[in-house]
Amino acid sequence: MPKLLLSTLFFTFFLSFNSRYIAVKPTIITGKVVSVMDGDTFKLLTKDSTIVKVRLANIDCPEKKQAYSTKAKQFVSNAIFSKNVTVQVLKKDRYRRLIANVYYGDSINLNHQLVKHGLAWHYVKYSTDSVLQKLEDQAKNKKLGLWQDPNAISPWQWRADKKEASRLRKLKKQQANN
């Protein structure tokens with residue numbers, strides 16, 4: 001019996017460090033936004049004077065060198081910077097950021113607003129949120145924001161393309177040295 005218990009504990013411990021997300025009890029926190037890092041990530045000063053990093057759940061904004069990245073960050077800054085927000089924490093990611101739905105003003109969902117205005121993709125790899133999908137479809141149909149470009153590249157594809165290009169450069173360099 002102790003071996004079974006020990007192996008179960010080890011397996012649970014191993015999974016907790018190798019899973020993409022760390023389970024947390026769903027929580028509501030409030031605080032003041034003290035920094036906007038990009039369109040989907042910001043820092044929050046909580047009421048107990050702790051600074052936490054928050055990543056918007058179920059969406060993905062353009063990366064810093066992509067079109068509409070600056071507009072997404074500016075939209076978020078205008079909406080929440082230096083303001084009090086309510087954060088519905090869903091989980092933590094491997095970087096220990098809080099993955100959350102964020103509400104500002106009179107209960108406006110920031111995640112939804114970014115997608116609605118064509119400044120973020122619904123991140124379908126991690127979400128089945130039908131509201132986000134409907135908002136994205138509407139933004140596409142209206143050609144809002146990033147949807148003005150019929151060949152808009154999602155951030156996850158852009159990151160994968162960059163990674164592949166880097167791998168090919170390294171390979172070419174290695175071949176040249178041989």
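With a 4.5 Å cut-off on side-chain heavy atoms, Cys61 and Leu114 count as touching. For the pair Val33 and Lys83, the minimum side-chain heavy-atom distance is 4.5 Å or more. Looking at heavy atoms from C-beta onward, Leu98 lies in side-chain contact with Lys92 at the 4.5 angstrom threshold. Considering only heavy atoms from C-beta on, Lys53 comes within 4.5 Å of Thr41 through its side chain. Looking only at side-chain heavy atoms (C-beta outward), Ser69 and Glu63 stay at 4.5 Å or farther from each other. The side-chain heavy atoms of Thr30 and Thr46, taken from C-beta on, include no pair separated by under 4.5 Å. Counting heavy atoms from C-beta on, the side chains of Lys32 and Leu44 never come closer than 4.5 Å. Put simply, the side chain of Leu56 reaches to within 4.5 Å of the side chain of Phe42, judged on heavy atoms.
When the ring pair (Phe, Tyr, Trp, His ring centres under 6.0 Å) test is applied to His112, no partner is found at least two apart in sequence or on another chain. By the salt bridge (Lys or Arg N to Asp or Glu O under 4.0 Å) test, Lys140 is found to be paired with Glu136, residues two or more places apart in sequence or in another chain being considered. In this structure Arg169 satisfies the salt bridge (Lys or Arg N to Asp or Glu O under 4.0 Å) test with no other residue, sequence neighbours excluded. Every residue was checked against the ring pair (Phe, Tyr, Trp, His ring centres under 6.0 Å) condition with Tyr68, not counting sequence neighbours, and none meets it. Residues forming a salt bridge (Lys or Arg N to Asp or Glu O under 4.0 Å) with Asp60 (at least two apart in sequence, or on another chain): Arg55, Arg159.
The two residues Val76 and Gly39 come nearest to each other via the heavy atoms CG2-O, 3.1 Å. Residues Leu110 and Ala79 come closest through the heavy atom pair CD1-CB, 4.2 Å.
Val115 and Trp156 fall within the same hydrophobic cluster, defined by Ile, Leu, Val, Met, Phe, Trp and Tyr side-chain heavy atoms under 4.5 Å apart, directly or through other members. With hydrophobic clusters built from ILVMFWY side chains whose heavy atoms lie under 4.5 angstrom apart, Val54 shares a cluster with Val85. Residue Trp121 is grouped with residue Phe75 when hydrophobic side chains (ILVMFWY) are merged at heavy-atom distances under 4.5 angstrom, including chains of intermediate members. Put simply, Val52 and Phe81 are part of the same group of oily side chains (I, L, V, M, F, W, Y) that touch within less than 4.5 Å, one to the next. In the hydrophobic clustering of this structure, Leu146 does not group with Ile153; members are Ile, Leu, Val, Met, Phe, Trp, Tyr whose side-chain heavy atoms approach within less than 4.5 Å, directly or through other members.
Using a 3.5 Å distance cut-off with no hydrogens or angles, the side chains of Asn109 and Gln113 do not pair a donor with an acceptor. In the model, Asp129 has no side-chain atom that pairs as donor or acceptor with a side-chain atom of Gln133 under 3.5 Å.
Summarising the hydrophobic clusters (Ile, Leu, Val, Met, Phe, Trp, Tyr; side-chain heavy atoms under 4.5 Å, direct or chained), the residues clustered with Val34 are Leu45, Ile51.
Other residues, nucleotides and ligands contribute over 12 non-hydrogen atoms within 6.0 Å of the CG atom of Asn177.
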Audit row: Lys162, Ser166, side chain to side chain contact (heavy atoms under 4.5 Å, CB included) steps and yes/no
CA-CA 6 Å; Lys162 238 181 120 174; Ser166 175; over 6 Å; no

